[in-house]
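Structure first, commentary second.
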Amino acid sequence: MKALVSYLAIFAAGVFGIFQVISVDVVTPETRIIAVHVSREKQYVTKPFLEEGGSIDSLKNEGSGIHLVGWVAPFIDEIIVVPKIPTPEITLRVGLSQRRDVVTYLEDERYLWSGVDLFVANSTAETVKCVVLNGPSGAKVAWTDGSPCEWKPTKRGFDLSDIQDSPPASIR
Amino acid sequence: MHGNPLQVAAFLAYFFLIPGLPLAVISARRTSNWPLVLALSPLFSIGGNYVTLSLLNLFGIRPDLTLFAGVVTVLCLAGLVGLVQPTIREFRQILLSVLHVLPGSALGTFLWIRAYQGYAFVAANQDAVNHNKWIARVLVTHSALPRDSYVSSPLQKLGAGTGFYPMAWHSAVAVGSSVSDLLVPEASLLSVIALWVFVLPFGLLALAHILSKEIVFAGAIAGLLVQMYALAPGVPMSWGSMTSVAGIALLPSSLAVGVLTVKYGGRFWTLLFIGTITVLFFVHTPEAATLIVMIVGAVLAGSFPVGKKILMFAVVACLAFGIPLLIIFRSTIFGGWSDFESLYGAVQPNWDLAFERFFRLNVNVVVTSSTLAALFIYGLVQTLQSKEQRWIVSGVLATLVIYLISGAPNGILNDLRFLTTPWYASYERTLWVVVPFAALISAMPIAKLFENSQKLSRSKSFVPLSAGVLILILVMTTQIKPTLNQIRSAPERTAMLGPRDVEVMRESRQYIKDDEIALSWAGDGSAYPFSYFQILLTSGQTLDRTGEINPQIVSIYSSIADLCGNPIALDAMTSNKIAVVYFSTTSAWGGLIWTESEVRRLRGLRVVGAGEKIIVTVPDRSTCL
């Protein structure tokens with residue numbers, strides 16, 4: 001009888017453990033909230049990047065150009081600065097291009113987002129109509145001067161050097 | 001997971017029981033140690049499948065794996081019913097041992113299911129890419145020989161594999177996958193989890209039974225505790241080794257056989273031990289080396305009389321292993337020191353806190369709770385006091401010596417580092433192997449409380465019983481969350497496939513005819529179409545359908561960014577019958593390789609399918625216009 005009580009106690013501990021497992025707040029990839037900490041003043045809290053996302057939080061005149069500061073999801077590979085007057089758009093490639101003004105943020109070696117700190121020469125904030133973040137499944141308007149944003153995606157070239165080499169598969 | 005419950009059951013039944021069950025029952029019957037049945041049956045089954053398949057392969061026979069499994073099953077059942085004839089009483093005893101491991105197994109099952117919630121059920125790291133490729137290769141070639149299965153590309157010819165690799169677990173998973181029709185990456189991860197969640201607790205129960213027949217609950221408690229160590233299940237699944245998990249899970253049952261051999265001697269146990277250590281060697285070499293170290297440690301403890309029989313056994317074991325080892329590793333052993341060092345698998349660690357790290361089982365992972373560490377140390381001291389039990393302490397301390405040598409940055413220990421070559425001189429590996437025994441030793445003080453409660457009157461028995469339960473609850477409260485997060489960190493960090501990708505790969509088969517192949521890359525998710533659906537792909541190698549190096553495929557790889565700009569390369573796609581090119585967004589190390597938009601902009605290729613991480617393209621000249 002006492003042996004049975006002891007076994008039941010172990011069993012109860014196991015059940016307690018199972019409840020502990022269930023109670024751990026495991027957020028699935030679909031609902032995970034990522035707290036993004038940046039060296040800048042703002043702390044971003046966003047859902048995981050399952051689609052194009054990002055924000056341009058600051059667009060200021062600086063010297064002979066404008067200074068854009070914000071963040072973009074890993075999917076975003078272009079930032080298009082659309083001017084008010086009908087002149088060619090300024091397209092900036094981000095992500096794999098390893099630009100010095102684009103910082104990729106990793107958490108546990110997982111690519112989370114890119115911080116952008118871009119300088120667009122020969123331009124002023126007053127001449128910018130909107131800023132568009134472009135990715136494979138669509139685009140997102142990240143900043144506007146208040147008017148509707150229209151732009152024309154440009155066909156871009158491709159540079160093999162953009163591709164990172166796959167690491168050698170280690171044998172263990 | 002894409003397999004249905006029937007497929008999962010069929011896989012587990014074959015993987016666990018066929019053909020090892022009869023021998024496992026005979027072994028358990030000799031000692032009335034019934035947990036040994038389900039602890040040893042998977043070990044013998046892995047060995048039985050591997051040895052039989054390899055022998056057939058050596059004679060040039062490459063059997064259909066389902067047919068092979070059918071014949072092995074019939075022979076196994078004939079042996080069980082005709083020769084072993086288990087009784088109802090024995091069956092009841094086996095069921096009783098199932099009840100004892102139930103708390104630990106249930107907890108472990110919940111932990112793993114919760115950990116993989118929302119992710120593809122596929123082991124996620126660079127190690128899993130290789131293992132799944134080799135298992136799928138066994139499935140395709142029907143050969144378990146390293147020269148056929150241990151390859152870089154599925155397009156390599158038979159006999160093209162080089163070097164030695166232990167393929168026992170791989171071949172057993174391949175046969176089980178063939179029987180159940182379970183997809184290879186799912187079968188491989190399922191087998192690893194099942195070994196950890198079911199077979200490891202049975203091994204601990206059997207070992208606890210040998211350690212002390214009085215402390216009856218030590219095995220059940222150890223089975224519960226072992227699920228809560230973040231070290232072994234977490235780390236190998238995130239960046240380490242699948243075969244390490246398999247080997248470690250089989251280590252307690254192997255040690256049980258070793259200790260019974262030392263204890264009883266005789267032809268049966270000696271042969272069984274040689275068979276056991278041979279299987280472990282071909283599952284994962286570091287655990288076989290650990291077994292030898294622990295047996296030597298156990299013998300030195302003085303718990304067992306060492307007579308002529310044991311010395312004879314040692315001589316036989318040395319001959320049985322020394323000669324094959326010299327043959328298999330002849331190039332390494334006689335090839336100079338640099339060959340040894342090339343096997344070293346870990347950088348020099350920070351050695352300042354070596355002892356603390358050992359007792360906390362803390363290498364590159366969340367620190368195990370202090371309660372668990374305190375239980376481990378207290379359990380070691382308590383167990384050391386008993387002459388009959390101190391062999392396990394001695395065995396664990398022998399692994400401590402190996403651990404210290406494996407990572408020593410300087411001094412005399414560093415000079416001895418070559419001794420830890422079987423563990424790749426890796427301080428992680430020499431610590432992973434301690435986990436089951438740390439769980440067992442940590443369980444001893446709690447089990448002692450349970451035992452004391454049975455000796456006291458009903459009113460007084462409540463106190464030690466409550467204390468034992470409270471300790472268990474304390475450990476769970478502090479340890480379950482970090483363990484769960486650690487296991488979960490594997491797919492979180494480096495998942496190369498999302499749940500939708502399996503369907504994308506399945507659908508991509510419609511673009512590939514029987515005589516066509518696919519182009520893919522090395523060390524990323526694009527290797528998985530072969531593992532999942534046995535689609536023949538280049539896997540980063542410049543081989544064509546015949547298995548020869550083909551300069552045209554070199555040209556295709558180098559022009560992939562713009563095949564329209566190199567019409568010769570585009571033509572070569574057709575002439576080499578490359579029907580599909582797979583791209584992956586995530587490398588084996590978690591880094592970003594391709595973005596979908598980049599692939600969509602490639603000229604000469606058209607995207608026909610895109611999942612979460614896999615992008616399927618076909619050659620298309622219309623994109624050049």
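Below, chain A is the first sequence line, B the second, and so on; all start at residue 1. Source: prediction; values computed, not measured.
Under the side chain to side chain contact (heavy atoms under 4.5 Å, CB included) rule, A/I10 has a single partner from B/I446, B/L102, B/L224, which is B/L224.
Contact detail for B/L107 and A/G17: the closest heavy-atom pair is CD1-C, 3.4 Å. Taking each heavy atom of B/F110 and A/V21 in turn, the nearest pair found is O-CG1, 3.7 Å. Residues B/S453 and A/S6 come closest through the heavy atom pair OG-OG, 4.0 Å. Of all non-hydrogen atoms in B/F217 and A/A3, the two that sit nearest each other are CZ-O, 3.3 Å.
If you tally non-hydrogen atom pairs under 4.5 Å between each of B/T477, B/L111, B/V216, B/V469 and chain A, the highest count goes to B/T477.
Two residues are said to be in side-chain contact when any heavy atoms from C-beta on lie closer than 4.5 Å; B/L472 and A/F16 fail this criterion.
Looking at residues two or more places apart in sequence or on another chain, you find no side-chain hydrogen bond (donor to acceptor under 3.5 Å, both in side chains) involving B/E214. Partners of A/D145 under the side-chain hydrogen bond (donor to acceptor under 3.5 Å, both in side chains) rule, at least two apart in sequence or in another chain, are A/S147.
Rounded to the nearest 0.5 angstrom, B/L99 CG and A/F11 CZ are separated by 8.5 Å. Expressed to the nearest 0.5 Å, how far CD of A/Q20 lies from OG1 of B/T478 amounts to 9.0 Å.
A side-chain donor-acceptor contact under 3.5 Å links B/R114 to the backbone of A/V24.
For chain A, the nearby parts of B/I473 are the backbone and the side chain; heavy atoms of each come within less than 4.5 Å. For a residue to count as touching a neighbouring chain, one of its non-hydrogen atoms must lie under 4.5 Å from one of that chain's; by this rule B/L449 does not touch chain A.
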